Amino acid sequence: MFEHSVKVPRHYKIAANIFKKVSTEGGSVKSLLYDNKLRHFRTDVLFAIITETIKHVAEIDKIFESCSLLENEPRLDPWLAKILTTELLYGKKELPGKSKPEQTILSYREKFENYKSEHQDDTKAEATPRPRYIRVNTNLLTTSDAIRWFQDEEYRFIRCTSGSYDDYLEQVKNLTEYDFTQDYHVKTVFVFPPGTKFHNHELYLENKIILQNKASTLSVHLLAPPTGSVVLDMCAAPGMKTTQLAAYIRNNGKIYAVERNEKRYQILCDFVQKTASSSVQTIHRDCLEIKKGEYEDVEYIILDPSCSGSGMDISVHNYIEESRLAKLTSLQEKFLKHAMNSFPKAKRIVYSTCSMFPEENERVITNVVKTSRAKWRVQDVKELLKGQWNNFGSAMYGSMGTRCLYAKPEVDLTTGFFLAVLDRDQKDMEKSLKMESELAHKNKSKQEYLNFIDRKYNLNSNDSVEGVENFKPSVDKSDKKKKNKHSQSDDSIEQDNIKDNSNDISVNAKVKKHKKNKRSQPESDFAEPTVEDDVGCDTEQVVKKKKKKRDKPDDETENSVNGTSNRKHKLDIENLADNLNELVVDNLCDSGEPVKKKNKKKDKHKIVIEDSYNVDDKDELAQKSDEYLSQDVNSSELEIPVKKKKKRNKENMETESDQLQVDTEMVTDEPPKKKKKKHKRNENKETC
Ligand SMILES: C[S@@+](CC[C@H](N)C(=O)[O-])C[C@H]1O[C@@H](n2cnc3c(N)ncnc32)[C@H](O)[C@@H]1O
């Protein structure tokens, strides 16, 4: 019997309040606990009970429903009821107090436990894994051929709905054994029922399909670099996104893939080579040590730093030490700042983590964007995905938070994932390039001056320094003209200028050629490849063999979602180049190396092993980040096949531009015969 005077223990009340806030307003348990200045409480105890409640909330809802608890007890606070039930069923298995809420929950104990034991199997089933995703490596196999291959194995291809994303999710939930469909957003991703085994599949062993979760493929999908782009993958190993990028740009362009960890770097190199990602240049280096001016041709950046990996786990709100989380946040902010400020031509960054903690996500974005020297805008991912997405960042971080995307296991049927798209402000880009060019000029002028002095003293030690007065640094054409009138002693400088000018011209020509190449790309270049129209559905029984070759491929979603912004980017950069005065050209000239380098190395796979990481040079945070390496869920989960089986279907090797897209209609009638031996299930994992 309860006693009126006895109150509910305070920590249950606090836990209920925070649980309510997290559930209704978003945000993380951790930040609410600490922001609420509850330090005098055992925050670890509070954290544990709240996260346990979140983990079991679906089951608790059903338990309450089964005995109409909330209807029978209208005065019972539902949030507190769930906290207390968690403690009773999954925590201490007892409720210590004599308060009314505790006594009420205790009075239902038997009913709760009966329900639990009766539905044990259901709850296990609920925890069953998500669908199995594969990405077709279009460097080696077209999506159409991949569909045919699986159909030949008597899988049944269900066309992805043309309806909403929610319709698609329903479709995925209803996939039965031996069904598969194409992902709603990323057309090179296929979705199979949970547990479908691919470990020994021929296509997997030949690296023609890759086990990559749909959520992780969204980074490249939303970065959307057009073919011919220069992309930097700052934290690249094991190389899921790097190799996806290579396929996305059809190996036409350049991808710098940077990885610091030695072992992971080797895995990256191996994976890049096996997947025929010839546009990738691997770089064994700490990306934080890349200085401004290096890799200055970078236009697009993927930043997928080390994180807590909490999204990879089924229980969304894992416990994490506050200090560790703070270190991760700080390191992630450092990465993002570096990406924003070190690459003057970068126009889009996609930042992602497989963490569900806002501290590693929205907080990083808002902290960095607000204080960044360069101006970047957080793009509204919902808009980019044409409204076809459900989970976004927390409003606690304002519109910058809600513009970001979350993939949630329970809704999106993927691993937990966070993603933000940042676009550089056009004016800021112009300013940045101008500043670069002015700086280059200053350096050039300074160098000319030093050369001049050098000559004065070394070549003619009797000369007075009077010639210095004649020195005029080359700032623009008019200055260069003036120099023609200089005294004989300035001839050498003039020589330098002539050399520089010729250099200008050649680089200028290269820049123009580069621009021309970019302009001449068909619009389809912006598209990620997809499936041919002629891929038959199973009701037709026979797969049509005819291939339609289209000048203008390709993927409806990729085109429409990202094409606009890409075209805009392309135009922006062209306009920018047109609008900037010759200073810009001079700047490119001074730093013309990357242009030359790029042309030279085009389409050539090259592994560059840069200076290995010097431990002594590491700053504190970088040192700390070593600790996190072991936490990179990806490393343990990378599945790169080691064995190769006999090759088949070589004729399938066509370019993605030859592919057409699937009509979006649902197909299927009779289920095919099942070849059991080909469809063994297991729990092979995919990486984020
Ligand atoms: C989350 S994983 C990247 C996964 C990868 N993007 C993919 O899709 O396969 C983070 C990677 O960043 C690397 N890393 C951490 N700090 C780094 C640094 N300072 N420079 C370069 N790589 C770093 C880690 O070794 C790890 O391989």
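All values reported here derive from a predicted model rather than from experimental measurement. These values consider heavy atoms only, across backbone and side chains, with no hydrogens, waters or symmetry-generated copies. As the structure lists them, so they are numbered: ligands from 1, and atoms in each ligand from 1.
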Quiz prompt | Asp233 and Tyr300 side chains, donor-acceptor separation under 3.5 Å | solution = no
Quiz item: Atoms of ligand 1 less than 4.0 Å from Asp304 heavy atoms?
Solution: 1 (C), 2 (S), 3 (C), 4 (C), 5 (C), 6 (N), 7 (C), 8 (O), 10 (C)
Quiz item: Is there any N or O on Asp233 that sits under 3.5 Å from an N or O of ligand 1?
Solution: no
Exercise. Heavy-atom contacts with Arg285 under 4.0 Å: which atoms of ligand 1 show up? List them by number with element.
Key: 20 (N), 21 (C)
Quiz item: Just distances here: any N/O of Cys287 and N/O of ligand 1 closer than 3.5 Å?
Solution: yes
Self-check item: Atom indices of ligand 1, in the order listed, that fall short of 4.0 Å to a heavy atom of Met234
Solution: 21 (C), 22 (N)
Quiz item: Which bit of Pro305 gets closer than 4.0 Å to ligand 1, counting heavy atoms only: side chain, backbone, both or neither?
Solution: backbone
Quiz prompt | Side-chain donor-acceptor contact under 3.5 Å, Asp412 with Asn390 | solution = no
Exercise. Would you check the N or O atoms of Leu288, main chain and side chain alike, for any that come under 3.5 Å of an N or O of ligand 1?
Key: no
Exercise. Examine His201 together with Phe198 and report whether their ring centres are nearer than 6.0 Å.
Key: yes
Quiz item: Out of Gln244, Glu259, Arg260, whose heavy atom is nearest to atom 25 (O) of ligand 1?
Solution: Glu259
Exercise. Answer yes if the side chains of Ser308 and Glu360 hold a donor-acceptor pair under 3.5 Å, and no otherwise.
Key: yes
Quiz item: Between Arg250 and Ser279, does any side-chain donor sit less than 3.5 Å from a side-chain acceptor?
Solution: no
Practice problem: In plain terms, say whether Glu206 and Lys208 are close enough for a salt bridge, that is, a side-chain N and a carboxylate O under 4.0 Å apart. | Solution: yes
Quiz item: Would you say Glu289 contacts ligand 1, with heavy atoms under 4.0 Å as the rule?
Solution: no
Quiz item: With atoms numbered from 1 as shown, which atoms in ligand 1 lie under 4.0 angstrom from a non-hydrogen atom of Asp286?
Solution: 18 (C), 19 (N), 20 (N)
Practice problem: Using only heavy-atom distances, determine whether the side chains of Thr353 and Asn361 contain a donor-acceptor pair under 3.5 Å. | Solution: yes
Quiz item: Can we call the ring centroids of Tyr165 and His185 under 6.0 Å apart?
Solution: yes
Self-check item: Passing option when Thr275 is tested against Thr243, Val280, Asp270 for side-chain contact (heavy atoms from CB on, under 4.5 Å)
Solution: Thr243
Quiz item: Is Lys241 touching ligand 1 with its side chain, its backbone, both, or neither, if touching means heavy atoms under 4.0 Å apart?
Solution: both
Quiz item: In ligand 1, which numbered atoms sit nearer than 4.0 Å to a non-hydrogen atom of Asn261?
Solution: 25 (O)
Quiz item: Under 4.0 angstrom from ligand 1, any heavy atom of Ser216?
Solution: no
Quiz prompt | Where ligand 1 meets Phe335 - atom numbers and elements under 4.0 angstrom, heavy-atom basis | solution = 16 (N), 17 (C), 18 (C), 19 (N)
Quiz item: Between Tyr155 and Phe150, how do the two ring planes meet: parallel, tilted or perpendicular, split at 30° and 60°?
Solution: perpendicular
Exercise. Report the part of Ala236 in contact with ligand 1, treating N, CA, C, O as backbone and CB onward as side chain, heavy atoms under 4.0 Å; options are side chain, backbone, both, neither.
Key: backbone
